Amino acid sequence: MSSPKSEGIRTLAIHAGEKPDPVTGASAPGIVMSTTFVIDPDVSFSAEDFGAETPFVYTRWGNPTIDQLEKKLAALEGTGAAIAFASGMAAISGLLLHSLKMGDHFIMSDVSYAGAAELVNDFLPRNGIEVTKVDFSDLAAVESAFKRNTRLVYAETPSNPILRLTDIKAVAELAHAHDAQLAVDSTFASPIATRPFELGADFVIQSLTKYSGGHGDAIGGAVMGRVEDIARIRQGVGIHLGGIISPFNAWLIMRGLATLPIRMKAHAEGALEVARFLEGHPKVGRVIYPGLPSHPQHELAKRQMRNFSGMLTFQTEKSTETARRLAEKLKIVHYAVSLGHHRSLIFYLPTDDLLRTSFRMTREQERSYRAYAGEGIFRFSVGLEDPEDIIHDIDQALND
Ligand SMILES: *Cc1c(COP(=O)(O)O)cnc(C)c1O
């Protein structure tokens, strides 16, 4: 196995976790679609005895293709281990179930992926877990949210959809000073831009559906962390709750990961060009992109992100009308949810809807959200097409 210390990120993305097939000599990894494995009757297979060295028994416990994906993910994030799930939401809910129990307190950023925000609003309080949501760009607010029973802090950076950043190092220090752990959803950054574990986070979450897979054809998720933590998650959540990834999706995502470093470079280059173009467009109001000096946390972005990724947002006047026009007129860019694919995707997110269905905010938090998003924003996942073609497509649809 490759060591994350000695090799560059492009080499790791291609080779980590993989080796030529010892039987056939195949250079590319195969897909092992077997649910079960012929086993030695003398080996113990109780879930309690399950460890990294246990032979493959049953695919819900472990599978050679999924194992290769997990090793590659751990190498890219610089963690000891990774566990893959059927979706990003399965990874998030799995981590919450692993880390929290009745009577615990949980702190989350007030703006985060809508699915995660909704899960936390209803599911955790119903199970006796107290939730506090704060603006993670305000470190004093984060600090004052801690209670005696705070167990887990959950950040998303850059946050979906407004691209607000969290200073991972600072929040990790706060969490550890209060005997809590920090989990970071790093889907928008990818391990190419930010490696939260190296900045002090205990857990890293990825929706593999997005940049990791990168081609819009497979849903998956993962949690990365220390070897002993991931082993416990595998036992308590992976094996028992059973939300594991299919070997076929693991294979597709692994193939996507091989080109992640060079794709992220092209995503960031394209997004910067598009962001600059939109900033100068007469029909466009505010543009938010971590790589633009106008981003309120551009200094933090430069410090924490090695690549500004491919996500940006912008506002227009009469945005509902604009959304309809874009959906109708765009030829290259698809009007669709999701992000991080080679295809450019755009979607309109009305502020009132998000506030009502996903973010249950205080007045102050609402004011801060509206300062970023106005009445609503277009979330633009800049794909890998030629930037001039993307710009031309957006321009003709906006001006129509
Ligand atoms: C999409 C997304 C998720 C959920 O991932 P799925 O694979 O769709 O379940 C979680 N977090 C972020 C930031 C996302 O963008």
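We count ligands from 1, going down the list as the structure has it; atoms in each ligand are counted the same way. For clarity, every value in this text was computed on a predicted model and none was experimentally measured.
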Tell me, with the steps shown, if Ser368 and Arg164 meet side chain to side chain donor-acceptor pair (under 3.5 Å).
CA-CA 11 Å; Ser368 160; Arg164 192 153 69 189; 2.8 Å; yes
Using side chain to side chain contact (heavy atoms under 4.5 Å, CB included), reason through Leu165 and Met305 one step at a time and then give a plain yes or no.
CA-CA 10 Å; Leu165 308 182; Met305 301 180 78; 4.2 Å; yes
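Contact check for Met361 versus Tyr369: side-chain heavy atoms found under the 4.5 Å cut-off. Proximity of Ile390 to Phe380: side-chain heavy atoms (C-beta onward) are separated by under 4.5 Å at one or more points. The closest side-chain heavy-atom distance from Phe314 to Ile346 is below 4.5 Å. Leu96 is listed as a side-chain neighbour of Leu124, based on a closest heavy-atom distance under 4.5 Å. Side-chain atoms of Glu156 and Thr187, non-hydrogen and from C-beta on, never get closer than 4.5 Å to each other.
Residue contact check: Gly88 has heavy atoms under 4.0 Å from atoms 5 (O), 6 (P), 7 (O), 9 (O) of ligand 1. The ligand atoms of ligand 1 that sit less than 4.0 angstrom from a heavy atom of Ser87 are 7 (O), 9 (O). Against a heavy-atom cut-off of under 4.0 Å, Asp185 is close to the following atoms of ligand 1: 10 (C), 11 (N), 12 (C), 13 (C). Taking every heavy atom of Asn160 and a limit of under 4.0 angstrom, the matching atoms of ligand 1 come to 15 (O). For ligand 1, the atoms lying closer than 4.0 Å to a non-hydrogen atom of Phe188 are 15 (O).
Protein heavy atom nearest atom 7 (O) of ligand 1, with residue, atom name and distance: Thr209 OG1, 2.6 Å. When hydrogens are left out, the protein atom nearest atom 8 (O) of ligand 1 is Tyr113 OH, 4.0 Å; that is the closest non-hydrogen contact. At the top of the distance list for atom 5 (O) of ligand 1, counting protein heavy atoms only, stands Ser207 OG, 3.0 Å. The nearest heavy-atom contact from the protein to atom 15 (O) of ligand 1 is Lys210 NZ, 2.8 Å. In terms of protein heavy atoms, atom 9 (O) of ligand 1 is closest to Met89 N, 2.8 Å.
Using modelled atom types and a 3.5 Å distance limit, the side chains of Ser358 and Glu118 yield a donor-acceptor pair.
Within the structure, the closest approach of Gly220 to ligand 1 falls below 4.0 Å when heavy atoms are considered.
Under 4.0 Å from ligand 1, the heavy atoms of Ile92 that appear belong solely to its side chain.
Formation of a donor-acceptor pair under 3.5 Å by the Lys210 side chain with backbone atoms of Leu339 is not found in this model.
Looking at Ile219 next to ligand 1, no N or O pair under 3.5 Å apart turns up.
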